[in-house]
Amino acid sequence: MTTPATPTPPADSSVVLGIDTATDVRAGVARDGVAIASGEVADRRAHAEQLLPLVRRVLAEAGATPADLTGIVVGVGPGPFTGLRVGVAAAATMAEALGVPVRGVCSLDVVALEWAGRGDAPSGEFAVVADARRKEVYWARYAADGVRVDGPFVTAPGEVPDLPLAGPGATLTGQACAGPDSLDAGLLAAAVDRLPDAGLVPLYLRRPDAEVPTTRKSTLLQPRLAMMGNR
């Protein structure tokens, strides 16, 4: 008995890879605007080690290879410096190597779009919140249809508006998370044309801890002061 061959996708079929490292590590695949694979690694300290194995895994689950990709979309945050840098750099490098377009979107927008399309979506404005660490959160405000109307910002949790909340940092405000509590990378890939283009510059929203000094401190006087003190 001959085993039927796996159907070959049409030549004009779109296969999009979605990547997000704004919090943990997430990747998903969509074919012709429909999410067909999604995965995550719940580790916020191993982005560089976990991202590419996860990408290989979701591509395999989708029955696709890197050569099948017609585009890549990456979440550019807001998020911590190290995690965002890994995801954006990986997406840009893969896109260049494969000769496909790459697009950056606000990670909070993906969560908002998912909630706006669900049956329990708020009838008015809501906010999506993510953990910014250092006792702060990232957040943005959205209309009922999931369109961002303000933000993103980084503030103390108490400064988040009193609205229905979604996102992985919602409970840090002391309120319940009423909507999705994480980003769906499959939806990220499927909704690439419905999400506003945010460019490929990571949204850190605050200065790095280590900064290059803007002025030089002279130490020439220190030996002289020490000598004077010994007299």
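One is the number of the first residue; the rest follow in order along the sequence.
Side-chain atoms of Ser107 do not come within 3.5 Å of backbone N or O of Ala22 as any donor-acceptor pair. The backbone N or O of Gly169 sits nowhere less than 3.5 Å from a side-chain atom of Asp131 that would complete a donor-acceptor pair.
The aromatic rings of Phe81 and Tyr204 sit tilted, their planes meeting at an angle between 30° and 60°.
Counting only residues at least two apart or on different chains, the salt bridge (Lys or Arg N to Asp or Glu O under 4.0 Å) pairs with a member in residues 182-201 are Arg103-Asp197.
A donor-acceptor pair shorter than 3.5 Å can be found between the side chains of Tyr142 and Asp109.
Under a 4.0 Å N-O distance rule, the pair Arg26/Asp24 qualifies as a salt bridge.
Scanning all heavy atoms of the two residues, the minimum distance from Arg148 to Cys106 falls at NH2-CB, 3.6 Å. Closest heavy-atom contact between Ala90 and Leu51: CB-CD2, 3.6 Å. Shown here for Val15 and Ala64, the closest heavy-atom pair between the two residues is CG1-CB, 4.3 Å. When all heavy atoms are compared, the tightest approach of Ala62 to Ile36 is CB-CD1, 3.6 Å. In plain terms, the two heavy atoms of Leu54 and Ala27 that are nearest each other are CD2-N, 3.6 Å.
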Can you give each donor-acceptor pair under 3.5 Å made by side-chain atoms of residues 172-181, sequence neighbours left out, with the distance rounded to 0.1 Å?
{"residue": "Thr173", "atom": "OG1", "partner": "Ala170", "partner atom": "O", "Å": "2.7"}
{"residue": "Thr173", "atom": "OG1", "partner": "Gln175", "partner atom": "N", "Å": "3.2"}

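Contact check for Leu84 versus Val76: no side-chain heavy atoms found under the 4.5 Å cut-off.
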